[in-house]
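Residue numbers run from 1 in the order of the sequence given.
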Amino acid sequence: MKLPSDKVNQLRTFYEGREVCVTGGAGFIGGHLCDALLYLRANVRCIDDLSSSTAEHLAELIDLEPQLVRFIHGSVLDDEALAAAVGPTRRQPAAQVIFHLAAIGSVPRSIEQPQRTWSVNATGTLRVLEAARKFATAKRIVSISSSSVYGNDPALPKVESARLQPLSPYAASKAAGEHLLASYAACYGLSGVSLRFFNVFGPRQPADSAYAAVIPAFIKRLGDGHAPVIFGDGTQTRDFTFVSNAVIAMLLAGASGNALAGEAVNIGAGRRTSLLELAEILAKACDGGARPTFEKARGGDVLHSYADISLARELLGYEPVTTLEDGLAETVEWARRPMSPAEE
């Protein structure tokens, strides 16, 4: 993933040599963030319990830059592991910026496992905030939330001032995390922001799970010669956000000179696409394919999602850097590459 050239010097000036912690850094988005931080020459500590990912990509980064990357195998619910990831060591000071991505990130899984989802997503955020408060060198916390907190409010685009209407345990846990960060900013002076991601996709996103996001699931089925499956009638819309847009937003949030005080900020592409349109674009990108089949809508899924990104522009200087079409083409190209033996 390439960073926009006009941002590289600005971001490298901030991140080079800086101590950074990434929770959930072995995951899909976390792995791309670690790539970018390494490119910017930050010192990266990654904590992940590998419950929904593998350490394969992080191992490649450690092999590439063993002096800059450190992996802590543990959960954000484990205070000892968190202290190792966030706190000082004999050789390094405590983390100055914390990117909190560790979570159970699936609406269907949260419906099946509500208590575990709450523990990891809400209580886990509390533990991360406590670690940041304990090791007071943390200058900024960037916590990842979700557009799912808006629920089925029909107003579009989604604006941060809207009343939250979470429809799943996942969405409720993300809303709780936002409130926790805002309360820690108010009570303890922690500087932080919650980024509400809108349907992030891109290379390395898992497609082999019952909980797979729609884009990798569509690409896999088309690549295997099968029809993509749409849950519902396909008229539901999403603001599909290529992973490079999510990464640049996180980097800008971590480096922002604004006094962030727990605000929640939308991060999307600012464009609506229906699942029917998505299936058509991907069929063309995959050299044709069967028309989609339809199944019953899933509980907890929202109908329409579309981000107003005005606040992200104002607070963070954020602009999307990759279009939907370019992001889909890059993702399809990645999916078509020969698999390594470890992936087979």
Asker: Taking only Lys NZ, Arg NE, NH1 and NH2, and the carboxylate oxygens of Asp or Glu, determine whether Arg196 and Glu160 approach each other closer than 4.0 Å.
Answerer: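 Judged by the 4.0 Å cut-off on N to carboxylate O distance, Arg196 and Glu160 do not form a salt bridge.
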Asker: Rounded at 0.5 Å granularity, tell me how far CG in Leu37 sits from SG in Cys46.
Answerer: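 Rounded to the nearest 0.5 Å, the CG-SG separation comes to 10.5 Å.
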Asker: First locate atom CD1 of Ile215, then atom CD1 of Ile219, and finally report the distance between them rounded to the nearest 0.5 Å.
Answerer: 6.5 Å
Asker: Determine whether Asp239 and Ser147 make a side-chain contact, defined as any pair of heavy atoms from C-beta on separated by less than 4.5 Å.
Answerer: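 Contact flag for Asp239/Ser147 side chains = no.
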Asker: Specify the closest pair of heavy atoms between Arg271 and Glu325, including all atoms of both residues, with the distance to one decimal.
Answerer: NH2-OE2, 2.7 Å
Asker: Please report the C-alpha distance between Glu112 and Arg109 in whole Å, then the side-chain angles of each, then the deciding distance to 0.1 Å, and finally whether the salt bridge (charged side-chain N to carboxylate O under 4.0 Å, His left out) criterion is met.
Answerer: CA-CA 5 Å; Glu112 293 180 5; Arg109 182 177 292 169; over 6 Å; no
Asker: Is the backbone N or O of Ala261 less than 3.5 Å from a side-chain atom of Glu263, with the two atoms forming a donor-acceptor pair by type?
Answerer: yes
Asker: Given Val193 and Ser143, is the side chain to side chain contact (heavy atoms under 4.5 Å, CB included) satisfied, shown in steps?
Answerer: CA-CA 6 Å; Val193 63; Ser143 185; over 6 Å; no
Asker: Which pair of non-hydrogen atoms, one from Arg140 and one from Gly192, has the smallest distance, and what is that distance?
Answerer: CD-CA, 4.1 Å
Asker: Test salt bridge (charged side-chain N to carboxylate O under 4.0 Å, His left out) on Glu130 and Lys134 and set out the steps.
Answerer: CA-CA 6 Å; Glu130 275 293 280; Lys134 178 178 179 181; over 6 Å; no
Asker: Keeping Gln96 on the side-chain end and Glu19 on the backbone end, is there a donor-acceptor pair under 3.5 Å?
Answerer: yes
Asker: Counting distance only, does the side-chain N/O of Asn245 pair as donor-acceptor with the main-chain N or O of Pro320 below 3.5 Å?
Answerer: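 Not at all, since once roles are kept as given, no pair shorter than 3.5 Å links the two residues.
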Asker: One pair to check against side chain to side chain donor-acceptor pair (under 3.5 Å): Asn266 and Tyr318. What are the steps and the verdict?
Answerer: CA-CA 10 Å; Asn266 292 338; Tyr318 166 77; over 6 Å; no
Asker: Rounded to the nearest 0.5 Å, how far apart are CG of Leu61 and CD of Glu56?
Answerer: 11.0 Å
Asker: A side-chain contact here means heavy atoms from C-beta on lying under 4.5 Å apart; do Cys21 and Phe135 qualify?
Answerer: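 Cys21 does not reach Phe135 side chain to side chain.
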Asker: Can you see whether Thr117 engages Ser173 through a side-chain donor-acceptor pair at a distance of less than 3.5 angstrom?
Answerer: no
Asker: Looking only at non-hydrogen atoms, find the nearest pair between Asp48 and Gly27 and report the distance.
Answerer: OD2-N, 3.6 Å
Asker: Tell me whether Leu11 is reachable from Val265 by hopping between hydrophobic residues (I, L, V, M, F, W, Y) whose side-chain heavy atoms are closer than 4.5 Å.
Answerer: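 They do share one cluster, since a chain of ILVMFWY contacts under 4.5 Å joins Val265 to Leu11.
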Asker: Say whether, by atom type as modelled, one donor and one acceptor occur between the side chain of Ser256 and the main chain of Leu252 under 3.5 angstrom.
Answerer: no
Asker: Would you call Arg337 and Glu333 a salt bridge, using N to O less than 4.0 angstrom?
Answerer: no
Asker: According to a 4.5 Å side-chain heavy-atom criterion applied to Ile, Leu, Val, Met, Phe, Trp and Tyr, with indirect links allowed, do Ile98 and Leu40 form part of one hydrophobic cluster?
Answerer: no
Asker: If you define the side chain from C-beta out and look only at heavy atoms, does anything of Val86 sit under 4.5 Å from Arg45?
Answerer: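 Result no, sub-4.5 Å side-chain heavy-atom pair not found.
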Asker: Would you compute the distance between atom CG of Leu324 and atom OG1 of Thr331 and round it to the nearest 0.5 angstrom?
Answerer: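 Rounded to the nearest 0.5 Å, the CG-OG1 separation comes out at 9.5 Å.
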Asker: Compare every heavy atom of Gly327 with every heavy atom of Thr322, then report the nearest pair and how far apart it is.
Answerer: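 Smallest interatomic distance, heavy atoms only, reads CG2-N, 3.7 Å.
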Asker: Assess whether a salt bridge exists between Arg127 and Asp79, defined as any Lys/Arg side-chain N lying under 4.0 Å from an Asp/Glu carboxylate O.
Answerer: yes
Asker: Would you call Arg116 and Ile104 a side-chain contact if the rule is heavy atoms closer than 4.5 Å?
Answerer: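 Yes, at least one pair of side-chain atoms sits under 4.5 Å.
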Asker: Apply the test side chain to side chain contact (heavy atoms under 4.5 Å, CB included) to residues Ile309 and Ile267: give CA-CA distance (whole Å), side-chain angles for both, the deciding distance (0.1 Å), then the verdict.
Answerer: CA-CA 6 Å; Ile309 56 176; Ile267 301 298; over 6 Å; no
Asker: Ignoring hydrogens and geometry, is there a side-chain-to-backbone donor-acceptor pair from Asn258 to Leu260 under 3.5 Å?
Answerer: no
Asker: Hey, what do you get for CG (Leu275) to CG (Leu282), rounding to the nearest 0.5 Å?
Answerer: 10.5 Å
Asker: Would the number of heavy atoms belonging to other residues, nucleotides or ligands and lying under 6.0 Å from OH of Tyr39 be above 12?
Answerer: no
Asker: Apply side chain to side chain donor-acceptor pair (under 3.5 Å) to Ser274 and Thr237, showing your working.
Answerer: CA-CA 4 Å; Ser274 75; Thr237 57; over 6 Å; no
Asker: Under a single-linkage definition using a 4.5 Å side-chain heavy-atom cutoff for Ile, Leu, Val, Met, Phe, Trp and Tyr, are Phe14 and Val8 assigned to the same hydrophobic cluster?
Answerer: yes
Asker: With the side chain counted from C-beta on, respond yes when Leu101 and Met250 share a heavy-atom pair under 4.5 Å apart, and no when they do not.
Answerer: yes
Asker: Determine whether more than 12 heavy atoms belonging to other residues, nucleotides or ligands lie under 6.0 Å from atom CD of Glu60.
Answerer: yes
Asker: By the ring pair (Phe, Tyr, Trp, His ring centres under 6.0 Å) test, which pairs, at least two apart or in different chains, include something from residues 160-188?
Answerer: Tyr184-Tyr188
Asker: Inspect the contact between Arg70 and Glu65 and indicate whether a charged nitrogen and a carboxylate oxygen are less than 4.0 angstrom apart.
Answerer: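 The answer is no: the pair does not qualify as a salt bridge.
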Asker: Whether the side chain of His73 engages the backbone of Asp49 through a donor-acceptor N/O pair (distance < 3.5 Å, no angle test) should be reported.
Answerer: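 It does hold such a pair.
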Asker: A side-chain contact here means heavy atoms from C-beta on lying under 4.5 Å apart; do Leu156 and His304 qualify?
Answerer: yes
Asker: Report yes or no: do Val22 and Ile248 belong to one cluster of Ile/Leu/Val/Met/Phe/Trp/Tyr joined by side chain heavy-atom distances under 4.5 Å?
Answerer: yes
Asker: Is a side-chain N or O of Arg272 found less than 3.5 angstrom from the main chain of Ala307, in a donor-acceptor match?
Answerer: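 No, because the side chain of Arg272 does not come within donor-acceptor range (under 3.5 Å) of the backbone of Ala307.
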Asker: Please step through side chain to side chain contact (heavy atoms under 4.5 Å, CB included) for the pair Leu311 and Val159, ending with a clear verdict.
Answerer: CA-CA 9 Å; Leu311 185 60; Val159 180; over 6 Å; no
Asker: Less than 4.5 Å apart, side chain to side chain, heavy atoms only: is that true for Arg221 and Val229?
Answerer: yes
Asker: Would you check, one step at a time, whether the test side chain to side chain contact (heavy atoms under 4.5 Å, CB included) holds for Leu195 with Leu316?
Answerer: CA-CA 11 Å; Leu195 302 183; Leu316 309 178; 4.0 Å; yes
Asker: Has the side chain of Gln236 got a donor or acceptor atom that lies under 3.5 Å from a matching backbone atom of Phe231?
Answerer: yes
Asker: Check whether more than 12 heavy atoms from other residues, nucleotides or ligands sit under 6.0 Å from atom CZ of Arg336, and answer yes or no.
Answerer: yes
Asker: Given 3.5 Å as the limit, does a donor-acceptor pair link the side chain of Ser183 with the main chain of Leu180, or not?
Answerer: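 Present.
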Asker: Over all heavy atoms of both residues, which pair between Leu82 and Val76 is shortest? Give the atoms and the distance, please.
Answerer: CD1-O, 3.2 Å
Asker: Taking NZ, NE, NH1 and NH2 as the nitrogens, is one of them in Asp35 or Arg204 under 4.0 Å from a carboxylate oxygen of the other?
Answerer: yes
Asker: Do the rings of Phe201 and Phe240 sit parallel, tilted or perpendicular, given the 30° and 60° boundaries?
Answerer: perpendicular
Asker: Count I, L, V, M, F, W, Y as connected when their side-chain heavy atoms are under 4.5 Å apart, and connections chain through other members. Are Ile144 and Ile141 then in the same cluster?
Answerer: no
Asker: Do any N or O atoms from the side chain of Asp224 and from the backbone of His226 form a donor-acceptor pair under 3.5 angstrom?
Answerer: no
Asker: Does the plane of the ring in Phe28 sit parallel, tilted or perpendicular to the ring in His32? Use 30° and 60° as the thresholds.
Answerer: perpendicular
Asker: Is a donor from one side chain sitting under 3.5 angstrom from an acceptor on the other, for Asn43 and Tyr15?
Answerer: no
Asker: Check Ile111 against Pro169 and note the closest heavy-atom contact, atom names and distance.
Answerer: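 Shortest heavy-atom contact: CG1-CD, 4.0 Å.
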Asker: Could you tell me whether the side chain of Phe198 reaches within less than 4.5 Å of the side chain of Ser305, counting heavy atoms only?
Answerer: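 They are in side-chain contact.
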